[in-house]
Protein chains: 2
Amino acid sequence: MSATIKDVAKLAGVSVATVSRVLNDLPGYSEETRIRVMNAVAELRYQPNAIARGLVNKRTQTIGVLFPSVSSAFSSEILHGIEEAAQEQGYSVVVCNTAEDGKRTKKYLQVLREKQVDGIIYSSGVLKEEYHQTLQAMAIPVVLVATKSEYADIPYVKVDDHQAAYDACAYLIRRGHRRIAMIGGPAHDVIAGEPRIAGFRAALADHGLPPDEAPVLDGRFIFAGGCEAAEELLRQAPEVTAVFAAGDEMAIGVISTAARLGIAVPAQLSVIGYDNLKLAEMCYPPLTTVAQPLAEMGRLAAAKLIARIETGQPEASEILPHQVMERGTVSTRE
Amino acid sequence: MSATIKDVAKLAGVSVATVSRVLNDLPGYSEETRIRVMNAVAELRYQPNAIARGLVNKRTQTIGVLFPSVSSAFSSEILHGIEEAAQEQGYSVVVCNTAEDGKRTKKYLQVLREKQVDGIIYSSGVLKEEYHQTLQAMAIPVVLVATKSEYADIPYVKVDDHQAAYDACAYLIRRGHRRIAMIGGPAHDVIAGEPRIAGFRAALADHGLPPDEAPVLDGRFIFAGGCEAAEELLRQAPEVTAVFAAGDEMAIGVISTAARLGIAVPAQLSVIGYDNLKLAEMCYPPLTTVAQPLAEMGRLAAAKLIARIETGQPEASEILPHQVMERGTVSTRE
DNA sequence: CTGAAAGCGCTTACAG
DNA sequence: CTGAAAGCGCTTACAG
């Protein structure tokens, strides 16, 4: 078995209290004892037991992160940012894939509670009232990333979806496009669906284009959905010269579909995406898209959570800047 | 504060030992007490404290996973499989991004030890002697995924890299290609570099093609590297009709570069990748590639680790089948 | 069937 | 500057 604090105390000829003090940099021992203790630690290759420590401190130095899907490029970039910030601050992160399933989510929340995590990050998706209640019962800090909620006690970090969609559409208009379509998420999705559609329409209206005539299809935020929607769009509204796809995977779907149908991008059809996944630079032509700083969002969410854990002070929500990344899929029209 | 086992014992009018028994489904109490206890549990919304339990059981029901990069598509698919299997068996997974940095890796190993994880999965990359030693000192089960090692006590689950590369090359030959190049990883990479290059050359040789004349470039397994290598290749060996890129990101780089240079894929240049990331289906034409069952590898690695943890029996290594996925980037030559 | 008690490996008043 | 002791929330022989 591994050495315990008792073993080092015995070897150093001091009490465990003293060992604990030097290990935790607390005051109260002579330089000589410090050295004796450190020698014993080294000799026994002693490593503290974080579980025992956690039991008395009521702190585990670990946070839980809930994703609707861990394998998506979107989630992995956020996770990357979270992991980075957490590790810098000495926290571990346990990943939970809810698969957008209520039962799994509840199950995970329970596990996280039993494991006494110090805080939770909830990513992309609606924080249901039900979850909020159990979170409240757990009485631990929570922060939202790439989503938001009405609950005042839960800060979020995200981009302004309405404005980002507005800017994507305005960009297309500025480049001379007039017949613009959108492929977005489900209209009833209050986080990433509705606001982007509204932003898109607002941009149209502000530029004197009839917002209700523009086709808006649902691509479910996935590649296949983008392909299907593009196919339908191209059939029903061939006059469209540009499409705003509210997710890069869908945008790539549009590009693939156009290529398959012999429609040149951007010469015949312009496409602007949303997210700026690594994917966006890997297609040809490289995808013009409105960037969300995903890793940064993850980092900031983790930083806020940890600050909340350690200071107890409430943290403010934050809207991070988005940015249209001009690449190769939008052409200029006269 | 949350209720503890003492609270429920008091409310149920029994001892904590009895509460513990019913909670853990151990024998030794009447139906009546069981009900009294369960009622108290419900009334107090009692949740056991896994940290306290872990301290006495010496089991935390959590495993650590080390990745060289958490945000890569490759790692996320493996992670997805691991998370799934782990969650089914009641284990949590903490993710560690080593960033291929020795110091971070050592740091993480130490943290995982202090947090008393029950086992560790080490993904893709060489398990250095140094790591092996600290792992040995920790005395906990380890399994390797998408990599392997010489250490008999550490099982691995991966694909046969040599054979997979061989099959990719043989596929190209079968489709009529004779002037074939490879874009692989660093030749000194014993896991994913050298074996694939050797497999590629073996296939050439077995089919009567001079293996040493075929260009083999290093694309560092990344998109940019694939682009650079493709550019150099196309300049230096324009006679090449097909390239085997030993990683999908690199393959996509080849396709992008070809498109940029006006070289038609697959009409003028055929490309076969390696991995079968989700990416592979998202480009146009969709990428022909040799598939590794990444999620399955993750699942199996987790299953082996957990079996090892729970039974104490050693687990065998496993080579999973690969498969060439015929899609749209390889043409047939006469 | 049930409970008192020891113990898991730490931290932290408290007393000196 | 230092140690004895209590306690964190559980589990598990042991005794009855």
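The structure presented is a predicted model; accordingly, all values stated were derived computationally and were not measured. Order of the sequence lines fixes the chain letters, A, B, ..., with proteins taken first and strands second; residue numbering starts at 1 for each chain.
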What is the distance, rounded to the nearest whole Å, between atom CG of B:Leu55 and atom P of D:dG9?
12 Å

Those residues at least two apart in sequence (or on a different chain) that pass side-chain hydrogen bond (donor to acceptor under 3.5 Å, both in side chains) with B:Arg299 are B:Glu84

Rounded to whole angstroms, how far apart are CD on A:Gln61 and P on C:dT11?
12 Å

Footprint string (nucleotides 2-7 of chain C, 5' to 3'): B base within contact, S backbone only, - free, heavy atoms under 4.0 Å:
BBB--B

Just how far, in rounded Å, is P of D:dC1 from CZ of A:Arg36?
15 Å

Just to verify, what does A:Asp161 make a salt bridge (charged side-chain N to carboxylate O under 4.0 Å, His left out) with, not counting sequence neighbours?
A:Lys158, A:Arg196

By side-chain hydrogen bond (donor to acceptor under 3.5 Å, both in side chains), B:Glu77 pairs with (sequence neighbours left out) none

What donor-acceptor contacts under 3.5 angstrom involve side-chain atoms of residues 16-23 of chain A, with partners at least two apart or in another chain?
unit_1: A:Thr18; atom_1: OG1; unit_2: A:Ser15; atom_2: OG; d: 3.4
unit_1: A:Ser20; atom_1: OG; unit_2: A:Asn24; atom_2: ND2; d: 3.4

For B:Arg34, all residues meeting side-chain hydrogen bond (donor to acceptor under 3.5 Å, both in side chains), sequence neighbours excluded
B:Glu31

Less than 4.0 angstrom between a side-chain N/O of B:Lys58 and OP1 or OP2 of C:dG9, yes or no?
yes

Between side-chain atoms of residues 141-151 of chain A and protein atoms elsewhere (two or more places apart, or another chain), which donor-acceptor pairs fall under 3.5 Å?
unit_1: A:Thr147; atom_1: OG1; unit_2: A:Gly125; atom_2: O; d: 2.8
unit_1: A:Ser149; atom_1: OG; unit_2: A:Tyr151; atom_2: N; d: 3.2
unit_1: A:Tyr151; atom_1: OH; unit_2: A:Glu129; atom_2: OE1; d: 2.7

Nucleotide C:dA13, atom P - distance to CG of A:Asn24 in whole Å:
13 Å

Pairs involving residues 59-69 of chain B, ordered by first then second residue, that meet side-chain hydrogen bond (donor to acceptor under 3.5 Å, both in side chains) (sequence neighbours left out):
B:Thr60-B:Asp118

How long is the straight-line distance from CG of B:Leu79 back to CD1 of B:Ile82, given to the nearest 0.5 Å?
6.0 Å

Is the shortest side-chain N/O distance from A:Ser20 to OP1 or OP2 of C:dT11 below 4.0 Å?
yes

Output the rounded distance in Å from CG (B:Leu23) to P (D:dC10).
9 Å

Taking CD1 from A:Ile51 and P from C:dC10, how many angstroms apart are they, rounded to a whole number?
11 Å

Given a 3.5 Å cut-off on both pairing distances, which stems involving DNA chain C, each at least three consecutive Watson-Crick or G-U pairs, are present, if any?
C:1-3 with D:14-16, C:5-12 with D:5-12, C:14-16 with D:1-3

The correct set of residues in residues 41-50 of chain A placing a heavy atom under 4.0 Å from DNA chain C is A:Tyr46, A:Gln47, A:Pro48, A:Asn49

Could you check how far CD of A:Glu32 sits from P of D:dC1, rounded to whole Å?
12 Å

Considering only residues two or more places apart or on different chains, which pairs with a residue in residues 72-91 of chain B satisfy ring-ring contact (aromatic ring centres under 6.0 Å, His included)?
none

Other residues, nucleotides, ligands: >12 heavy atoms within 6.0 Å of B:Lys107 NZ
no

A:Arg36: side-chain hydrogen bond (donor to acceptor under 3.5 Å, both in side chains) partners, not counting sequence neighbours:
A:Glu32

How many Å lie between CG on A:Asn57 and P on C:dT11, as a whole number?
7 Å

Looking only at C:dG9, C:dT11, D:dT11, the nucleotide nearest the B:Ile5 side chain is D:dT11

